[in-house]
Structures are given as C-alpha cells and as structure tokens.
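Below is one structure, written out as structure tokens, with a few remarks after it.
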Amino acid sequence: MVDLFIDRVLLKNNKDQDELDTERELVMCLQNRILMLFFASAECESCQHFAPTLRDFFKRLTDEFYVDRSAQLVLLYISLDQSEEQHESFLKELPKKCLFLAYEDPYRRELEAMFNVEDLPTVVVLRPDCSILIPNAVQEILRLGPDCYRNWQEAAELIDRNFMISEDFEEKSMRSFSDPVRRLKYKVEDEKKKKKKKTCSVWGEGGDEDAKVDRRVDGKDEGGGGSPW
C-alpha cells in the first residue's frame, strides 16, 4: 500500500491540512490497512448525493463514538474536480479523518487511469498489498452500510482481527458524555471485586493450614498416626 504513494504527499482533511510527506508517516498511516480510493467531483450530482452516505459509513467504522476500536480503514479522496474551488468545497463534505491528494498533484489523473475509473462516484477498495479488492464499492456501501467492512476485512486477510463494531448503532448514539465516567466507575468496582476475591482466597488457604497444624498437635490427623510429627 505504501509503495503506491511513496514520494507522494498526502494531506489530512483537517483545518490545517497537515501533510504526510515522509515514508515513515506513510507507513504508519497506510500499512496493514484497507484503502478506499474515492474518485469524485463536486460538479457530479451523484457524488454530492453519495458523499453524506460515505461520510457516515466511514465515521461509523472509525469514530470512537460508534466503535470500541477503529477499523483498519483509510479513506483517500481523489479529486476529479475542474477547479481548486470545487475541490476545497467537496472536501467539506468528507470526514475530517480522510486523506486527499492536493489539487495540483498530477498523480490524481494517473490513479484515475491506473484503476480505469469511468463512472463517478467510484470507490476502489484495495488490500494492504495494493491489489484490488473491489473495483467499485459504491453500491455495496449503499446496500450494506458498515456491515460490508466485515467482508472486506476477511477477504483482505488483515493481520489484526480484533476490530469490534457495535451491533446496535442506535444504542451507541444514545451514549451521553458521562459514559467515560461510568466506564471508569465500573473499572474501579471490578478491581475492588478482584482484590476482595484474592484476599478471601488467601485467608481461606491460611485457614486450611491452621486446621492441619491443629490436627497434628492433637494427634488426630486424618492419617491416624500415633505421633503428631
């Protein structure tokens, strides 16, 4: 995956549009990840309609509000806009965690040709080794939503399979800001229970030893020997 963007600068879709311009940064961001190449244009009406769905799809798989652990998923916007103004405008419709190539980077068009993009929008899903998992996942995302990630994860044979997704997104959406406090409370209570259990166990073992000694002193050990020693 990294080889596809080596010597390229990827930008983060945040306020400062931070750059990932070193090999180390690219490796940290892309290695062992499923990559979604989102080809679109602001002047494309279908792209405009699909953007909110894709944004929600990506957030539900990577935002800690919805999942216990972020999916090994990267979204990279490949702009096919006709102007930089359109490019910047469309970025506002995409998640803050997504990446993009600068408008002036000609590699955008090279990728368009490389993956034979003919229709917009197109979401090319790539395995970590850069091989194509799905040529265009737009319809699958519309049909299955975040559930389709499970299929991608298995097909891509990712190393880490510890990703967890909520079974009930509606329940997750109702979590209040006090949820972290409740989690800490339960964690503390669990620790107290563990310590109490451990203490009881230690005292129980000690009691058994004392009973054995008493029996030996009285000469009434279960073995029935005449001498206590």
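Between Asn13 and the choices Leu91, Asp18, Leu99, the side chain to side chain contact (heavy atoms under 4.5 Å, CB included) rule is met once, by Leu91.
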Show me the donor-acceptor pairs, under 3.5 Å and distance only, between side chains in residues 34-49 and residues at least two apart or in other chains.
residue, atom, partner, partner atom, Å
Ser41, OG, Glu43, N, 3.4
Ser41, OG, Asp81, OD1, 3.3
Gln48, NE2, Ala42, O, 2.8

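Going from atom CG of Leu76 over to atom CG of Leu111 covers 7.5 Å, rounded to the nearest 0.5 Å. Here CZ of Phe115 is found 11.5 Å from OG1 of Thr122. Values are rounded to the nearest 0.5 Å. In this structure, the separation between OG1 on Thr22 and CG on Asp7 is 11.5 Å, given to the nearest 0.5 Å.
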Exercise. Could you go through the side chain to side chain contact (heavy atoms under 4.5 Å, CB included) check for Glu88 and Gln17 one step at a time?
Key: CA-CA 11 Å; Glu88 292 295 331; Gln17 296 191 347; 3.2 Å; yes
Exercise. Decide yes or no on side chain to side chain contact (heavy atoms under 4.5 Å, CB included) for Gln139 and Leu142, but give the supporting numbers first.
Key: CA-CA 5 Å; Gln139 292 303 318; Leu142 289 171; 4.0 Å; yes
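One N or O on the side chain of Arg127 and one on the backbone of Ile132 form a donor-acceptor pair closer than 3.5 Å. Listed for the Tyr149 side chain is a donor-acceptor partner under 3.5 Å among the backbone atoms of Gln72. At distances below 3.5 Å, at least one donor-acceptor pair connects side-chain atoms of Asp129 with backbone N or O atoms of Ser131.
A salt bridge does not link Glu140 to Arg143: none of the charged side-chain nitrogens sits closer than 4.0 Å to a carboxylate oxygen.
Here side-chain hydrogen bond (donor to acceptor under 3.5 Å, both in side chains) pairs that include residues 92-103, with residues two or more places apart or in two chains, number zero.
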